[in-house]
Novice: 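Quick one: the structure is below, and I'll ask about it shortly.
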Amino acid sequence: MSRQKLFALVDCNNFYVSCERLFRPGLNGRPVVVLSNNDGCIIARSNEAKALGIQMGAPYFKTRELIRRHAVEVFSSNYALYGDLSSRVMEVLQQLESEVEIYSIDEAFLSLPPSRFIDLPNHCRAIRERVRQCVGIPVSLGVASTRTLAKIANQSAKKDPGRAGVCCLESPAAIDELLARTAVGDIWGIGPRSVDKLRRRGITTGLQLKQVDENWVRCQLTISGLRTVMELRGISCIEIDDSRIRKQSLVCSRSFGRPVTELSELREALSAYVSRAAEKLRAQSSLASCLHVFLLTNRFRSDLPQYSRHLTLSLAGPSSSTPSLLRPALKGLEQLFKTGYSYKKVGVMLTGLVPAARRQLSLFAPQAASDTTLMLAMDQINHRWGRDTLYYAGTGQERAWAGRQAFESPAYTTDWEALPRVGSEPSGVNGKGRLRPTGR
DNA sequence: TCTGGGGTCCTAGGACCC
DNA sequence: TCTGGGGTCCTAGGACCC
């Protein structure tokens, strides 16, 4: 038994699909997929859907025939549900282990102390069972001496029958055996570009990558690639910085449900995204110094004229007030806008984020204290009564440009009106359990 | 007809400084 | 004919991740 510190990667199985199944147990054993925003691409698949050959990221409209033929159940993404269940899973993990790094909505790394080295597999099975019991989401665990190896172990825990959701890589022989069966493209940090470079050098497996010349990797795959190689060798050198809860940049952007040609509609959409971005900014107590607006047409429509521009604007001073971000954003949009194009997407990115507490006051710009008070009141009202209870009129009433979400499930766990009912038919709601209409 | 959204890190090169 | 050397900071773009 090694005395080295170990990492466990806990990964929720087919997370979005598992969330949908939680309240529709009849879907267990059946093929299920979840779509991206605007019902564009497939972003989650049940094992049964994977077995049908449905690819991750495949456009929905290209898969529709296959989906119809096999009666695959389809869902629009429901982030209210997934976000809530994710935080419940993480909470359970935090109760069980002292060091938990939340890596994404469905993954967390645990540090297992040396005392745990006794019967590691049993310990992992207990964690798995606890999450299943408390939240109902199935998870898999991969354990190894580095995060990269833990990721690889986790893939094996999921894929290889007989592992039953747990794979502990303890002996060097077990590590090399698994690496020899792992394609370089399946290794965390090795993307398509790196796969090409490695293949040209004759490297296709994890074991080959582990043995590659360091200088070559440093030159070809940069320091990031070298870190991955060191991790394969069992030297831990990738840290997860979850102390940085505050983002360094914020983006808000969506594809339109249909082509948009009018400036008035673009103004509404951009106003909505700027409002949302400003809310996120205030939620993490930051101010933005810089604002980028972008506008683009549908790049897949090669038969239509293409347009894609962005504009960077420095703000008079760091701010998180919606109106002080809206004004320059809309001015920027007018500069970007050209008639005669069918637009697909508009968006905003906020950068140069600084903590609100460390605001650098300007000698010249007027300080808008009233704005701060107003925003605080607005955020409190929207928190208490639900998003968009109060909103800026410029974000529009009808929102005809909004994306499609034809297959959305109820927000079972975050909306009183959407609570599942036992023993009686839901009354007066169209199966979606919503009090308010989906639009405005 | 229909192809997601939101992040991070690294590097090279330019601007600028002494 | 000859034209330094070494820094830092910023930005755009590439690559990758979920």
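These numbers come from the heavy atoms of this one structure, side chains and all, not from hydrogens, waters or symmetry mates. Just so it is clear: chains get the letters A, B, ... in the order the sequence lines come, proteins before strands, and each one is counted from 1.
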Novice: Please compare Ser249(A) and Arg218(A) by the position of their nearest nucleotide in DNA chain B and report the one closer to 5'.
Specialist: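 Upstream on the strand: Ser249(A).
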Novice: Rounding to an integer number of Å, can you tell me how far Phe294(A) CZ sits from dG7(B) C1'?
Specialist: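 Rounded to whole Å, this separation is 12 Å.
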Novice: Is Glu48(A) salt-bridged to Arg30(A), cutoff N-O under 4.0 Å?
Specialist: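 Judged by the 4.0 Å cut-off on N to carboxylate O distance, Glu48(A) and Arg30(A) do not form a salt bridge.
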Novice: Could you check how far CG of Leu304(A) sits from C1' of dC2(B), rounded to whole Å?
Specialist: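 About 13 Å, once rounded to whole Å.
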Novice: Return no unless some side-chain N or O of Lys345(A) is found under 4.0 Å from OP1 or OP2 of dG5(B).
Specialist: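 Yes, such a contact exists.
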Novice: Is the NZ or CZ atom of Arg201(A) both under 6.0 Å from the centre of the six-membered ring of Trp216(A) and within 45° of that ring's axis?
Specialist: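 Yes.
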Novice: Between Arg404(A) and Arg254(A), which residue's closest nucleotide on DNA chain B lies nearer the 5′ terminus?
Specialist: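 Closest to the 5' end, via its nearest nucleotide, is Arg404(A).
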Novice: Round to the nearest Å and state the distance from Tyr16(A) atom OH to dG5(B) atom P.
Specialist: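 Taking OH of Tyr16(A) and P of dG5(B), I get 13 Å after rounding.
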Novice: Mark yes or no: Arg254(A) above the aromatic ring of Phe256(A), with NZ or CZ under 6.0 Å from the six-membered ring centre and no more than 45 degrees from the axis.
Specialist: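 No, cation not above the ring by the 6.0 Å, 45° rule.
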Novice: Taking any heavy-atom pair under 4.0 Å as a contact, classify Leu221(A): base, sugar-phosphate, or nothing.
Specialist: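 Here Leu221(A) touches no strand at all.
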Novice: Reckon Arg227(A) touches a base, only the sugar-phosphate, or nothing at all at heavy-atom distances under 4.0 Å?
Specialist: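 Sugar-phosphate contact only - Arg227(A) comes under 4.0 Å of backbone atoms but never of a base.
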Novice: Between Arg301(A) and dT1(B), does any side-chain N or O lie under 4.0 Å from OP1 or OP2?
Specialist: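 So the side chain of Arg301(A) is outside the cut-off, no N or O lying under 4.0 Å from OP1 or OP2 of dT1(B).
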Novice: Suppose you measure atom C1' in dC18(C) against the same atom in dC2(B); what distance do you get, rounded to whole Å?
Specialist: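 The answer is 24 Å between these two C1' atoms.
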Novice: Mind checking if Ile105(A) touches a base, just sugar-phosphate, or nothing, with heavy atoms under 4.0 Å?
Specialist: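 Nothing, no nucleic acid heavy atom in range.
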Novice: Counting only side-chain nitrogens and oxygens, does Ser194(A) get under 4.0 Å of the OP1 or OP2 atom of dC16(C)?
Specialist: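 Yes.
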Novice: Taking pairing as Watson-Crick or G-U wobble with both contacts under 3.5 Å, can you name the mate of dC18(C), or confirm there isn't one?
Specialist: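 For dC18(C), the partner nucleotide comes out as dG5(B), under the 3.5 Å rule.
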Novice: Are the charged groups of Arg68(A) and Glu65(A) less than 4.0 angstrom apart, N to O?
Specialist: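 Yes, Arg68(A) and Glu65(A) are salt-bridged.
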